[in-house]
Structure formats: structure tokens, C-alpha cells
Amino acid sequence: MSGENSDSATCSETTLTVNGKPHTLLVDHRRVLLDVLREDLDLWGAKKGCDHGQCGACTVLVDGRRVNSCLLLAVALDGSEVRTVEGLGGDGDELHPLQQAFLDRDAFQCGYCTPGQLCSALGMLDEAAAGHPSRVTGDTPDGGPVPLDRDEISERLNGNLCRCGAYPRIVDAVEDVIR
């Protein structure tokens with residue numbers, strides 16, 4: 001089998017809008033989004049932690065929803081919008097309010113989990129605003145936004161691990177943003 005036929009059998013042209021910029025890439029069908037972001041687009045914020053979707057270090061937003069990018073085949077996301085930690089802030093050096101709150105609260109120690117924590121927190125805020133319940137959500141009869149207290153925030157962020165134990169400060173930072 002020639003190399004040209006091999007490419008067409010194992011690769012597909014895939015377009016992803018990443019942090020507002022469209023990228024069209026020839027992607028091997030076996031590659032996950034995390035590897036495409038890091039190796040092809042030089043976006044190193046999302047971390048390769050467990051490679052099994054258990055630690056949350058690779059969390060990014062795809063079409064506004066938080067996902068473990070180590071588990072998603074990039075070709076399956078053709079046409080999707082991806083937002084990484086690099087795309088959270090505004091133009092220039094402007095930080096997203098969550099990024100600023102993490103700095104203000106010293107909500108990181110080694111910083112390895114911080115990009116995933118930030119993307120997960122942003123996704124979690126959107127989920128709660130849309131009325132999506134968690135395991136600890138009480139009654140929300142009108143289906144409106146879920147109020148976020150410390151227990152609710154902790155439950156919603158529990159898929160993102162921090163080896164340094166900065167959890168209380170992470171919750172503090174999220175509380176600062178929602179006040």
C-alpha cells in the first residue's frame with residue numbers, strides 16, 4: 001500500500017476552531033485532542049496526566065462543555081469549537097476573572113493541574129447557570145440556575161485532581177468569581 005493511500009485510510013482533514021481561530025489539519029484517526037492541541041498547535045496548557053480521563057489535567061471546553069481531551073479522538077470533533085486555558089483571557093495580557101481569582105487566592109501550588117481546574121471551573125459555572133444538577137443539588141423546582149455553595153462547587157470540580165491539595169483555595173477562588 002502506498003503512503004498516499006495509507007494517509008487517506010488513516011487520516012482525515014479535520015477543522016477545529018481553537019480559541020477563536022480556525023485550524024484545518026490532517027489528523028491520524030487514532031490521535032486524541034490533547035495530542036493535537038499540544039503537538040500540532042503548540043498549546044501546552046492542557047496537561048497529559050493519567051491518559052485515562054481520571055485526573056482532569058487535560059480538561060478543555062469543546063462547544064462550551066468541559067471534556068477530558070485525552071479521551072476524545074480529534075477527528076470526531078471536526079467542526080467543533082475548542083477553548084483551552086490559553087483562550088480564557090481577553091486580548092493581550094488580560095486575565096479571565098477565574099484566572100485572576102486563582103492568582104489572588106493562591107489556588108495553585110505546583111500549577112500542573114491549574115489549566116484543567118480553570119477550564120473545569122468555567123464549564124461548571126456554565127452548567128450550574130443552565131440549571132444542570134449535580135449529586136448534591138437540592139430541589140430546583142423552576143429548573144433555573146443552581147445556587148453554588150462550597151459543597152456544590154466541590155462536587156462539581158471533583159473530577160479534577162490536585163496532588164498539592166489546593167482544593168480549599170480553588171473553591172475560594174470560584175466563590176470569589178460568583179459573588
Side-chain angles (χ1 to χ4, degrees), residues 11-130 132 145 148 153 156-162 166 169-171 173-174 176-178:
C11 297
S12 292
E13 189 172 273
T14 304
T15 300
L16 301 170
T17 301
V18 181
N19 299 330
K21 297 177 185 168
H23 299 274
T24 301
L25 307 155
L26 189 61
V27 178
D28 185 298
H29 296 159
R30 300 164 291 185
R31 292 192 67 215
V32 294
L33 177 60
L34 177 61
D35 293 339
V36 170
L37 292 171
R38 291 174 61 82
E39 297 167 12
D40 297 346
L41 301 178
D42 291 327
L43 296 170
W44 297 92
K47 302 295 188 253
K48 188 177 277 264
C50 67
D51 247 354
H52 296 289
Q54 296 176 346
C55 71
C58 67
T59 303
V60 298
L61 301 168
V62 174
D63 295 330
R65 301 209 43 164
R66 56 189 170 151
V67 300
N68 292 325
S69 62
C70 73
L71 296 179
L72 299 176
L73 294 174
V75 295
L77 301 173
D78 187 35
S80 295
E81 292 194 28
V82 178
R83 193 169 179 195
T84 69
V85 71
E86 292 92 344
L88 293 187
D91 294 331
D93 292 333
E94 183 181 333
L95 295 176
H96 186 278
L98 277 169
Q99 290 171 309
Q100 187 61 55
F102 268 60
L103 287 172
D104 293 345
R105 287 292 190 156
D106 195 23
F108 54 90
Q109 289 180 28
C110 77
Y112 193 82
C113 73
T114 304
Q117 296 278 3
L118 285 163
C119 286
S120 188
L122 183 58
M124 176 271 300
L125 291 174
D126 291 342
E127 291 165 13
H132 300 291
L148 294 171
I153 293 167
R156 289 173 181 267
L157 294 178
N158 76 5
N160 289 76
L161 303 180
C162 172
R169 292 184 179 181
I170 292 168
V171 173
V174 173
D176 287 352
V177 170
I178 61 176

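Remember, predicted model here, so these are calculated numbers, not experimental data. Counting begins at 1 with the first residue of the sequence.
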Identify, with sequence neighbours excluded, every residue that meets side chain to side chain donor-acceptor pair (under 3.5 Å) alongside [X].
| X | answer |
| --- | --- |
| R169 | D106 |
| E39 | R31 |
| H23 | none |

*Does the pair F108 and L103 meet the rule for a side chain to side chain contact (heavy atoms under 4.5 Å, CB included), with working shown?*
CA-CA 8 Å; F108 54 90; L103 287 172; 3.7 Å; yes
[X] side chain to [Y] main-chain N or O, any donor-acceptor pair under 3.5 Å?
| X | Y | value |
| --- | --- | --- |
| E86 | W44 | yes |
| S69 | C58 | yes |
| N68 | T59 | no |

Within the 4.5 Å heavy-atom criterion, are [X] and [Y] side-chain neighbours or not?
| X | Y | result |
| --- | --- | --- |
| H96 | L118 | no |
| C113 | K47 | no |
| T14 | L77 | no |
| V60 | V67 | yes |
| L73 | H29 | no |
| I170 | N160 | no |
| T84 | L41 | no |

*asked:* For E127, run the side chain to side chain donor-acceptor pair (under 3.5 Å) check against R65, R66, H132 and tell me which one passes.
replied: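 Testing each of R65, R66, H132 against E127, the sole residue satisfying side chain to side chain donor-acceptor pair (under 3.5 Å) is R66.
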Please report the closest heavy-atom contact between [X] and [Y], naming both atoms and the distance.
| X | Y | answer |
| --- | --- | --- |
| R38 | A46 | NH1-O, 2.8 Å |
| A107 | A173 | CB-CB, 4.2 Å |
| D78 | T15 | OD1-N, 2.6 Å |
| C70 | G53 | SG-N, 3.3 Å |
| A121 | V174 | CB-CG2, 4.0 Å |
| S120 | L157 | OG-CD2, 3.6 Å |

Calculate, to the nearest 0.5 Å, the distance between atoms [atom1] and [atom2] belonging to [X] and [Y] respectively.
| X | Y | atom1 | atom2 | answer |
| --- | --- | --- | --- | --- |
| S80 | D63 | OG | CG | 4.0 Å |
| N19 | L88 | CG | CG | 7.5 Å |
| L98 | C119 | CG | SG | 9.5 Å |
| L122 | Q99 | CG | CD | 9.5 Å |
| L25 | D40 | CG | CG | 5.5 Å |

*Does the side chain to side chain contact (heavy atoms under 4.5 Å, CB included) test come out yes or no for V18 and V36, once each step is laid out?*
CA-CA 11 Å; V18 181; V36 170; over 6 Å; no
*Does K48 pair with D35 as a salt bridge, N-O distance under 4.0 Å?*
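Yes, charged N to carboxylate O under 4.0 Å.
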*Check the pair L148 / L125 against side chain to side chain contact (heavy atoms under 4.5 Å, CB included), numbers first and verdict last.*
CA-CA 9 Å; L148 294 171; L125 291 174; 3.5 Å; yes
*With side chain to side chain contact (heavy atoms under 4.5 Å, CB included) as the test, would you mind laying out the steps for I178 and I153 before giving the verdict?*
CA-CA 11 Å; I178 61 176; I153 293 167; 4.0 Å; yes
